[in-house]
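Labels below follow one simple rule: chain letters A, B, ... track the order of the sequence lines, proteins then strands, and each chain is numbered from 1. Since we're looking at a predicted model, the values are computed, not measured.
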Amino acid sequence: MESTVTTGAASENVWGGGNKPLGASYGKMMMWFFIVSDALTFSGFLAAYGFSRFKFIETWPIADEVFTHVPFFHGNYPMIYVAFMTFILIMSSVTMVLAVDAGHKMKQNAVIWYMFLTIIGGAIFVGSQAWEWATFIKGDFGAVETKGGRILQFVNAETGERAALSEFAKILPSEREAHERKNGIWYYEEGYMPSFSIDEVKEGFLANPSILIRTEAIHQEGEKVGEKTLLTREESLEKIKDGTIVVEGANLVRNEYGSRLFADFFFFITGFHGFHVFSGVVINIIIFFNVILGTYERRGHYEMVEKVGLYWHFVDLVWVFVFTFFYLV
Amino acid sequence: MAHAHKLEIFRGLLKFKNNTQKIWGVLIFLSIVTAIEVVLGIYKPRVLTHSYFLGMKLLNWIFIILTLVKAYYIAWDFMHLRDEKTALRRAIVWTPIFLVSYLVFILLFEADYVYNVYKEGFIKWNF
């Protein structure tokens, strides 16, 4: 018997069927088929991300400046939380493989515990991803978008730190008619309003000589290669005239961190991966209950645990690549 | 039940006594690799971000290679590819590698061309 479980009696008859030249059962083989095709799907997405990034290589957002938050802590901690998520996923992969190992040895209780830990790990990961999305959508400092769709961010010249809109925007007395149901079509909502109007940001910017504009353009050569371009005060005063709307946070249409495509791909790829993790957790739960009920004990082998294990490891494998291409490179 | 798990990693440099030990060993290795990636990602040493190899920053090369190393150990040890028959393993591994390299080459080459068109063409984007 090979290291992996084979089901049914092996037939020695070459032409009578029942041969397993690859030494894998039907179910396992189909799981591998699925995994290979799903791997190609993810590769397509990541390659498309690479396409857009190479196309806008000089203005692409720098991930370290986008994902800087850790729950319950204030301050600037790039990478830390994603590293934690990666570790959680690898850890749950380990408990999964331990469950498979225990399954080979027909240790029902060990399989139950390891499956349980795997499910917990998956749930923590999905929760973390939800939090990461919420933080990304909510935004950090706020920015101004120009007529051409470029993003202008603000930096405090004295500290060299990014300046939030609320730090310098001037509250202007203005009157605004709020949309109410009785005034128009009743099912129209008022929609999202940024915290400050573009005029308030512009006024505050003019009144505050220490605020500079940072553009999306990345220095391609010289001492500051790889950093975003910081304009002088004179250039900034000229540039702010182009501003048309205030952008806070990111969505599928606007993105205060820079290129809109960055947000689109972030939502799409991590969303697709998160959906895989979620369905993996659901499948794990189903198998978990089957193990508790003793289904595989009666069947005589735990190959089902091995099959969901393959799927679960695949999810981890994809995350390794997403982590590299979204957060590191 | 006797299992024919292959218990060696690093081409036989490290041999584990049983499968459980191998799993923990691989976890430690993967954690170390991830830790290296994170530390490099946070500090971004100047030596690595300012030197290039084949048009890409040395740091990015390191990230990509470490990623492939991690992928190898996840597939080989966690997904048991090490214990599968050679034919199955090759069918699973080389099919995507071939298709993905092709796709990535085509798309990145094309993207670089589009970038140059935008850069040198009469297109105004910064307004």
Side-chain angles (χ1 to χ4, degrees), chain A residues 1-4 21-24 29 32 35-36 39-40 43-44 47-48 50-58 64 78-80 83 86-87 90-91 93-94 96-98 100-101 104-106 146-150 215 217 225-226 242 306 309-310 313-314 316-317 320-321 323-324 327-329, chain B residues 1-6 18-20 23-24 26-27 30-31 34-35 37-38 40-42 44 49-50 56-57 59-60 63-64 66-67 70-71 74-75 77-80 82-85 87-88 91-92 95-96 99-100 103-104 106-112 114-115 118-119 124-127:
Chain A
M1 191 155 186
E2 291 295 320
S3 59
T4 49
L22 296 180
M29 193 76 106
W32 273 114
I35 286 173
V36 169
L40 292 174
S43 315
F51 178 87
S52 299
R53 187 173 176 170
F54 269 50
K55 191 169 152 188
F56 300 112
I57 194 84
E58 282 182 358
D64 270 8
M79 304 272 303
I80 299 291
T86 309
F87 185 71
I90 291 180
M91 206 54 219
S93 230
V94 166
M96 186 77 233
V97 82
L98 287 170
V100 175
D101 191 58
H104 282 312
K105 293 170 186 153
M106 303 297 284
T146 68
K147 217 181 332 171
R150 299 294 102 198
T215 68
V225 64
D242 293 340
E306 190 178 335
L310 283 179
H313 298 311
F314 170 70
D316 183 24
L317 188 68
V320 165
F321 283 91
F323 176 61
T324 301
Y327 296 94
L328 289 177
V329 168
Chain B
M1 203 155 49
H3 298 303
H5 278 298
K6 291 180 183 150
N18 56 46
N19 198 35
T20 320
I23 294 165
W24 289 111
V26 171
L27 167 70
L30 290 179
S31 305
T34 309
E37 283 182 337
V38 171
L40 284 178
I42 291 173
K44 290 186 190 294
T49 51
H50 285 69
M56 194 162 71
K57 281 177 195 162
L59 187 67
N60 289 354
F63 284 147
I64 290 171
L66 288 181
T67 302
K70 270 184 359 186
I74 289 172
D77 290 309
F78 288 175
M79 299 171 101
H80 306 293
R82 205 188 285 280
D83 303 326
E84 300 292 354
K85 287 202 172 178
L88 178 63
I92 289 166
T95 314
L99 291 170
V100 171
L103 181 73
V104 166
I106 292 283
L107 282 190
L108 294 191
F109 213 78
E110 176 72 11
D112 192 49
V114 177
Y115 161 77
Y118 276 11
K119 194 179 179 180
K124 190 171 166 64
W125 58 272
N126 194 3
F127 57 94

Correct closest heavy-atom pair for A:Ala48 and B:Leu107 would be N-CD1, 4.0 Å
Which atoms of B:Thr34 approach chain A - backbone, side chain, both or neither, heavy atom under 4.5 Å: side chain
Top of B:Val26, B:Val104, B:Thr20, B:Asp112 for chain A proximity - count of heavy-atom pairs under 4.5 angstrom: B:Thr20
Between A:Met29 and chain B, with a heavy-atom cut-off of 4.5 Å, which part of the residue counts as in contact: side chain, backbone, both or neither? side chain
For residues A:Phe87 and B:Ser31, report the shortest heavy-atom separation together with the two atoms involved. CE1-OG, 3.4 Å
Please report the shortest heavy-atom distance between A:Leu98 and B:Trp24, naming the atom on each side. CD1-CZ2, 3.5 Å
Min side-chain heavy-atom separation A:Leu328-B:Leu59 under 4.5 Å: no
Given side chains that start at C-beta, do those of B:Phe78 and A:Val94 come closer than 4.5 Å, heavy atoms only? yes
Pick one of side chain, backbone, both or neither for A:Phe56, based on which atoms fall under 4.5 Å of a heavy atom in chain B. side chain
Toward chain A, the part of B:Ile74 with a non-hydrogen atom under 4.5 Å: side chain
Distance col, row B:Leu66:CG vs A:Thr324:OG1, nearest 0.5 angstrom, shows 8.5 Å
At their closest point, which heavy atom of A:Leu40 faces which heavy atom of B:Pro96, and how far apart are they? CD2-CA, 3.9 Å
Taking every non-hydrogen atom, the tightest pair across A:Ser43 and B:Leu103: O-CD2, 4.3 Å
Here the pair of heavy atoms bringing A:Ile35 nearest to B:Met79 is CD1-CE, 4.0 Å
Side chain, backbone, both or neither: which part of A:Thr86 has an atom under 4.5 Å from a heavy atom of chain B? side chain
Proximal component of B:Phe63, with respect to chain A [non-hydrogen, under 4.5 Å]: both
Do B:His80 and A:Val97 have side chains that approach each other closer than 4.5 Å (heavy atoms only, starting at C-beta)? yes
Option that, when pairs with chain A are counted at under 4.5 Å, heavy atom only, ranks first among B:Val38, B:Ile106, B:Val114, B:Thr67: B:Thr67
Considering only heavy atoms and a distance below 4.5 Å, find which of A:Ile80, A:Thr215, A:Leu310 pairs most often with chain B. A:Leu310
What's the separation between atom OG in A:Ser93 and atom CD1 in B:Ile23, rounded to the nearest 0.5 Å? 10.5 Å
For B:Leu99, which atoms come within 4.5 Å of any heavy atom of chain A: side chain, backbone, both, or neither? side chain
B:Leu108 side, atom CG; A:Arg53 side, atom CZ - distance, nearest 0.5 Å: 10.5 Å
Name the option with the most non-hydrogen atom pairs under 4.5 Å to chain B; the candidates are A:Gly148, A:Gly226, A:Ala83, A:Gly44. A:Gly148
Given side chains that start at C-beta, do those of A:His104 and B:Asn19 come closer than 4.5 Å, heavy atoms only? no
If you measure from CD1 on B:Ile92 to CG on A:Leu22, what distance do you get to the nearest 0.5 Å? 8.5 Å
